[in-house]
Each structure stands twice: as C-alpha cells, then as structure tokens.
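In the text below, chain A, chain B and the rest are named by the order of the sequence lines, each starting its count at 1.
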There are 4 protein chains.
Amino acid sequence: MDEFSTILDTLIDEQESLTQKQRNILEAAVEIFSEKGFAATSTSEIAKKAGVAEGTIFRHYRTKQDLLLAIVAPTMAKLIGPFVLKDVFNIMDNPNHSYESLVRAILVNRLEFLRKNRMLAKILILEMPYQEELKRQFMEHIIEKARVRLEKAIGHYKQEGEIVEMPSQSLMRFTLSTVIGHVVFHEFLFRDPSLNEEEEVDRTMSLLMYGVKGKRE
Amino acid sequence: MDEFSTILDTLIDEQESLTQKQRNILEAAVEIFSEKGFAATSTSEIAKKAGVAEGTIFRHYRTKQDLLLAIVAPTMAKLIGPFVLKDVFNIMDNPNHSYESLVRAILVNRLEFLRKNRMLAKILILEMPYQEELKRQFMEHIIEKARVRLEKAIGHYKQEGEIVEMPSQSLMRFTLSTVIGHVVFHEFLFRDPSLNEEEEVDRTMSLLMYGVKGKRE
Amino acid sequence: MDEFSTILDTLIDEQESLTQKQRNILEAAVEIFSEKGFAATSTSEIAKKAGVAEGTIFRHYRTKQDLLLAIVAPTMAKLIGPFVLKDVFNIMDNPNHSYESLVRAILVNRLEFLRKNRMLAKILILEMPYQEELKRQFMEHIIEKARVRLEKAIGHYKQEGEIVEMPSQSLMRFTLSTVIGHVVFHEFLFRDPSLNEEEEVDRTMSLLMYGVKGKRE
Amino acid sequence: MDEFSTILDTLIDEQESLTQKQRNILEAAVEIFSEKGFAATSTSEIAKKAGVAEGTIFRHYRTKQDLLLAIVAPTMAKLIGPFVLKDVFNIMDNPNHSYESLVRAILVNRLEFLRKNRMLAKILILEMPYQEELKRQFMEHIIEKARVRLEKAIGHYKQEGEIVEMPSQSLMRFTLSTVIGHVVFHEFLFRDPSLNEEEEVDRTMSLLMYGVKGKRE
DNA sequence: AATGAATGAGCTTTCATTCAT
DNA sequence: GATGAATGAAAGCTCATTCAT
C-alpha cells in the first residue's frame, strides 16, 4: 500500500513559507481546537500556547474563523485522500485487483492517516455541522468527487459480478459505514495498542464481503 | 415492532412538573444548541427565543452547563433505548426470532426515534467529545449496559450457529457501524422523503447478513 | 456595676411582637453582615440561612437597607449605652465617686456589652463610614448626647482638681481612645480567655490616670 | 523629624512603569473604594471615572480583588512605616532620645502620612476585616515586625526606668491607642484646620506620659 | 513581522425586588 | 403572613479584534 502514503506525504507537506511563529500558532490552534472545540477556544489561549502575542495571530489570519479554515481546509483534501487519487482507481484496470482489495487499501490507508492526524480529523468532523462554509467546501469539492469515483468503481465491480446487484448508493453507504466504523472505533473510541491490527482489518473485510451470516458454503 | 415504540413513548414522557416557562426554555435551548453548538449559543439568545427573562434561565438551571445536562442527560437513556429494554431481548427466547430480526428491530426503532429527536441526538453526539461529564455518564451508565446485553445476544446467536464465529467485539462493531451508518445517512446527511424506507432497511439488513459479495449460493 | 447590666438588659429586649421567621431573618442577617459586610451580602443568602423564602424578607423590610437599619439603629443606642444613662452620671453626686470610677464603670460595662454583641458592633462600626443615614443618626442622636454628658462630667472633675486642666475635647479624646483601644484590642484583635481581665482593666486605668512615666511619687 | 518624611517619600514613590491609563485606574479606584467601599464599587464605575474601557481594568488586574490588593498591599508597608525603619529605632542609642521623643516622632509622622493618604488608609482599615488575604498579609508581614521592634524599644525604656514597669503588651496597647486615637480623631472624625496641631500633639504626649490625673508635682 | 495595550460588545451570572398565589 | 417564580438591570469578566509602536 506504499503508493498511498508516498503520494499522501507529498500532499501533506504542501505548507511552505510559514514562519516559525506561524507554525506555532497553527500547532497550538489544532491542539486546543481539538480539545475544546472551536467556539470554546479563545485566541488568547492559542497565543499563549503558541508563545506569540495575540496581535500576531490576527496579523496572519484576519479572523478566528480564518484560522480555523486555514487549518481545516487542507485537511479536507487529505481526509478524502485515496478517493481522489487517480492511481488508486487505476487498480481497477489491473486484472488482479478487486473491490475487496480496493476497500482494504482505503481502510488501511485511512487508519494510518488518522493515526497521524487524529486532532485534525476531530476538528474537521465536529465543526462541519456548525460551519456552513466548511460544509459547503466539503460537499462541493470533496464528497462529490469521491462519490463519482467510488460510484464508478462500484458500478464496475457490480458489472463484473464481484459484488451484489443493488443500488450503488446503498452499497456505498454500507461500505463507508463499515470503513468509517472501523477507523472511528479503533482510532477514537477504543485505542488498544495490544490489538493485532491486521487481524482486525481481516475481520472487517470479511464481514464487509460476507456479512455476519454463519452458514457459508 | 410496535412494542418498542409503545414502551419508548412512555419513557420519553417522563418529564413532569415543569412550568410553561421552563418548557419554553428547554425547547429554545434544544433548538439553538443543535443549530449552533453549545459553546456558540448565548443564554440571552435562548431567553429571547423562549420569551423569558435571562434571569429565569438561571433560576431553573444554575449554569449554562446545567441546562445542557438537563437536556441531554435524559436523552442519553432514550438514545440507547432498545438495548436496555428487557423485553427486546426476550425475543431471544422466542424460537421464531433471530439476530436479523433483533437488529432490524433496533434499526427501525432508532430510525423512528431519530425522526422525532434529531436535534437532541445531534446535541448529544456533538457535545460528548467536549463535555467530560457527558462522556462519563454516557460511558458508565449507558454504553456499558448496552454492551453487556448486546454481547450476550451475540454470544447466543453465535452458539446457535446463526452468525459467524468471530470475536464479539468485532461483530458488535460491524453491526453497530451498519446500523448507525444507516440512520446517520438517512436522518442527518441525506434526508429523502421519496425514498422507500422499508426497501432501504431490507437492503441494509441483507448487506449486514450477507455482505457485498455477489456470488451467493 | 450591676446597675448597668440590669438597665441595659431591659433596654436590649425592646424587640417585641416579632414572628419567629422575622427573628430568624434578623439573626441570619446579623451573622452574614458581620462576616462579609453589608454590600457583599446577598438577600438570597440571608433567606437561605434564615430558612425563609426570599420574598419573606421583603415583606418585613422594604429594602435590604431597611433590614440593615432595623438591625443597627437599635444597636446604636445600646452601644453608647452608659453615656446616656441618667443613673450613671448620678454617681457624680456621690462623694465617693471619681473620674476614675466613672471611666472604669464605662470600660467594664462596654467590655461586657461587646462580649454579647460583637457582631452587631462590628456591623455598626464598619458600615457607618459608608451609610450616610447611619452616620447621621449616630452623630445627631447618639454622639451629641454622649458628648454633652461626658463633657459635663469632665468639667466637674477638672473643677474638683481631680483631673488635669486641659481642653475637655482633648481629655475626652484621650479617655475614649484608651477605653476604645482596650475593648477593641481585647474583644476584636486579641481575644485571650486565659488573660486575667480585671488586672488588665487595672493596668489600663492606671495608665489612663498616670500615664506611662515611670517616676511616680 | 524630617528624616522620616524623607525616607517615607522615597518609599511611597516606588510605583514605576505604569502606563497613564493604569495610573488613572488606580486613582479612580482609590477614590471610589474609599467613598463607597470595595464591595459597593462597580468596575464599570471605576472605568468611567478613569476614562478607560472596562476591559482595560481587567487587562491589568485579573479580578476586582486583585485591583484592591494592588492598591492596598503597598499601602500596608507604608502605613506601618516608622515602626520598621531602622533609623527610627537607632534613636534609642542616642542618649538624648527618650520614649517620649520616639512616640512623638511616630505620631507626628503618621499625622503627616495620613494627611496625604487618607483614602488609602480608610480603604485598608475598613476592608481588612472582610478580606482574609489582606488580614493575613497585614498580620504576617507588618504587625509582627512592628510588634517586635516596638517591644524591644519598650523593654529598653522600661529597663532605663523611664517608663513604668508593666507588661509590654499593655504599654504597647495603651501607647498605640493614644496615637491611633489622636490621628483617627483629627484626620477622620474632626478635621479642624483652625486647630493648633502642635499644641494638640503636646497635649496628647502629656496625657500619654502623665495621664489625666490632676495632681502633678 | 511582531507586539501588547486598548477596546467595547457581549458573555454568564447575580442581584434586589415584585407579585400572583 | 409566606411563598417562590419571575424579572431586568447590573455585576464581574472575557472576547475577538484594532492599532500605535
């Protein structure tokens, strides 16, 4: 799965030309936003944690909202990551690849992503319901693209007969529920380092593909 | 499935002896909290919407936090509803019942619950990550009870051979992901009244039981 | 000195026809006023401590100020006590009495009074600088009367040659400083039950009469 | 007695590096605190009188209490002034000095001090009974030091036979009562500019040394 | 680029007081 | 006479933002 992380890492480091103070501000903001939520975080608190004067924050970000967007907008693209990467979907053309391997790739990749970006993801997810601007950006630029691509893939695998004939929306919803359920559970609710992660992924994939029904031929 | 809603409805209406002003406050608070989030909601806004003086809020709820808890604490019990109802799990003793019918009952029941309590549920879910007290109450009093009961059910159906042999935690996680994914999608993300709900439930249940794999015997 | 306390006690119990609740309110108010000061005391706190509803306070005392005055106005008369008592100054006609015995009587009597009314006295003294009404009442009705009487006594003893020839104001000020210094020190600053009170009174009287100078004939 | 005021004046002006606004705030606060008392003074009133925004007060003093302490804590040291000054007590080594000249020096010095700092002293004295923190600081840092020094002086003069043999505590209490009585009367209760101050001081000192007894050799 | 004093609107909360019951 | 729900003004304090340096 290395192709993902390589590509992602280059994406992640798109931030250039930031002064050290600016980096401190971003870092502090991420930490406090994720801990207390955007509205409950004061700029003075961020300034203190970042070790800068309050004015400095507003020199770089016109408003507190701007600071939030500066943090979270780039995250959106990264969160949706694999779904918009051309290379990922080229695996469809590879005769050895399957729906299962596609979803598994996405799952493993998102697990790793979240492990590195838990705070960012928490902010994004929990502020989206309240920040119209965030929601709009997310829906327009991110979800829509991912939906189109994933739908194409599902259409393809349905046609191939690899997955069951059913409205794509339902299949997509079920697949995403399973993937998101897996990562949310393991990264946010029940972080257990003693767990064998690979086995858990295997189980999730098995349930995704075959369901809970015991009687299999 | 009527037994659920009947039982639930009686549970829901446990609020007694509230003055009209108090009801207005609660109603206004729920509406604004769910729209803007707890921290971004001002008590003066609530007072205005409720048609009471600001002091009146604090006569009934010592702090803004107390108001939140007064709203959300009872909701917790209701949200987890079916999992703690004795009657629900007695269906296990009924030879005609199955894991499928149990999960379907929960799913349908929660869909209906959310349709009536969308705002409350939104507040609860989105504030829990920030309100230690909420998290604590939820984990201690709610989740733990539900987990124990669901685990027992899963153990039972595994033994019966109705569902696949696998760690209960994984089965539970997968089942809940599927149920929660379904309700969140249909109640929060993509409310589409033209959709045939029963068919969607059928599809979700089919995917839960048999997965996406097309090739079935 | 019993004549004082007897007379005083009858004065003290001038409160008649108070309901129990009213007594509770007064008692609670005295306690909290003396502990935190008038302005820093809330009526709700008084109500709680008195075990009555907030409204009840305002049924008996139109405002918080009125409550203060109801407490403190009668105290003023009591505080100044001995100076306005006819009997006390009749001792002047008694050939066995002297300035020394007069001041000693006052001192002993005020010590006893304060021991019983520490809280009331504290309120009166510390609120007077801020409550114009109190100050006015105190100056007009109390101080002036006491001044006239004391001045008369001092004039008498000066004439008799028992005390030094000096402006009465200075003698009065010095005498009162000594008496007040004694009672404030022993009742408010340095309450020490192990101290032999009578001896301390003797010392104070000796200093008052003869000063600190060592060489006495 | 000039050595006192010189030394004191330098002590008084220890406030440095305050912005003009900050000075305004302190000045306004002193004025209103002394007029109405701490608890009855609102920060908005102070802000208005100081000509600053209310927020500005809280930028410099975290709480209203802090503002009080910022005003009054330095005053404590100044109030007790002469008792902690080394030079004052060196007069004991000067063969021409006496208890009388020591007390007279303190009295004159404190009269002058109060003439300049009436408001500060009023605040300090009247808030101390309610502000635990003030009381603590006063007792620990101020009173104790003054007591030790004064006790030493009294011991010395007792041994010399200049003042009467009696427990130091009683002598101290009497001396302080006389001094405090003098300054309180003349600076707070009965400010009369037509009075010949020096003569009044002479009278007080005479009474302190020889008492009221008429028969002097 | 960075500061931090200053702002004034707005926050949560408390308060003395009123009034229907 | 007593209650306690209700009030609205004002309290202390915080906030995002501005601006002179």
- Item | Options dA2(F), dT13(E), dA6(E), nucleotide nearest the side-chain atoms of K64(B) | dT13(E)
- Query: Out of dA16(E), dT7(F), dT3(E), which has the shortest distance to the side chain of V52(B)?
  - Reply: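 Selected nucleotide (nearest to the side chain): dT7(F).
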[N] [atom2] sits how many Å from [X] [atom1], rounded?
X: R23(C); N: dG1(F); atom1: CZ; atom2: C1'; value: 16 Å
X: F58(B); N: dA10(F); atom1: CZ; atom2: P; value: 18 Å
X: E45(B); N: dA9(E); atom1: CD; atom2: P; value: 19 Å
X: E54(A); N: dT18(F); atom1: CD; atom2: C1'; value: 12 Å
X: I57(B); N: dA5(F); atom1: CD1; atom2: C1'; value: 14 Å
X: I46(D); N: dG8(E); atom1: CD1; atom2: C1'; value: 18 Å
X: K21(D); N: dT21(F); atom1: NZ; atom2: P; value: 13 Å
X: L67(C); N: dT17(E); atom1: CG; atom2: P; value: 10 Å

- Identify, between R62(C) and A53(D), the residue whose nearest nucleotide on DNA chain E lies closer to the 5' end. A53(D)
- Task: Would you kindly compare T63(B) and Q20(D) by the position of their nearest DNA chain E nucleotide and give the one closer to the 5′ end?
- Result: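 Its nearest nucleotide being more 5', the pick is Q20(D).
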- Query: Do we see a donor-acceptor contact under 3.5 Å between the side chains of S44(D) and E54(D)?
  - Reply: no
- Message: For Q65(C) and Q131(C), which I'm curious about, is there any donor-acceptor pair between the side chains at under 3.5 Å?
- Response: yes
For [N], which nucleotide is its Watson-Crick or G-U wobble mate, given both distances must be under 3.5 Å?
N: dT21(E); answer: dA2(F)
N: dA1(E); answer: none
N: dC15(F); answer: dG8(E)

With a 4.0 Å limit, can you tell me whether [X] has a side-chain N or O closer than that to the phosphate oxygens OP1/OP2 of [N]?
X: T43(C); N: dC15(E); result: no
X: S42(B); N: dG10(E); result: no
X: S44(D); N: dA11(F); result: yes
X: T19(D); N: dA6(E); result: yes
X: R59(D); N: dA5(E); result: yes
X: T56(D); N: dT7(E); result: yes

Under 3.5 Å donor-acceptor, [X] side chain and [Y] backbone:
X: T41(D); Y: G37(D); result: yes
X: Q22(A); Y: H60(A); result: no
X: K49(A); Y: E31(A); result: no

- Item | Pairwise 5' ranking along DNA chain F for H60(B) and Q65(D), keeping only the more 5' one |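 Residue closer to the 5' terminus by nearest nucleotide: H60(B).
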- Considering only NZ, NE, NH1 and NH2 on the basic side and carboxylate oxygens on the acidic side, decide whether K36(A) and E45(A) come within less than 4.0 Å. yes
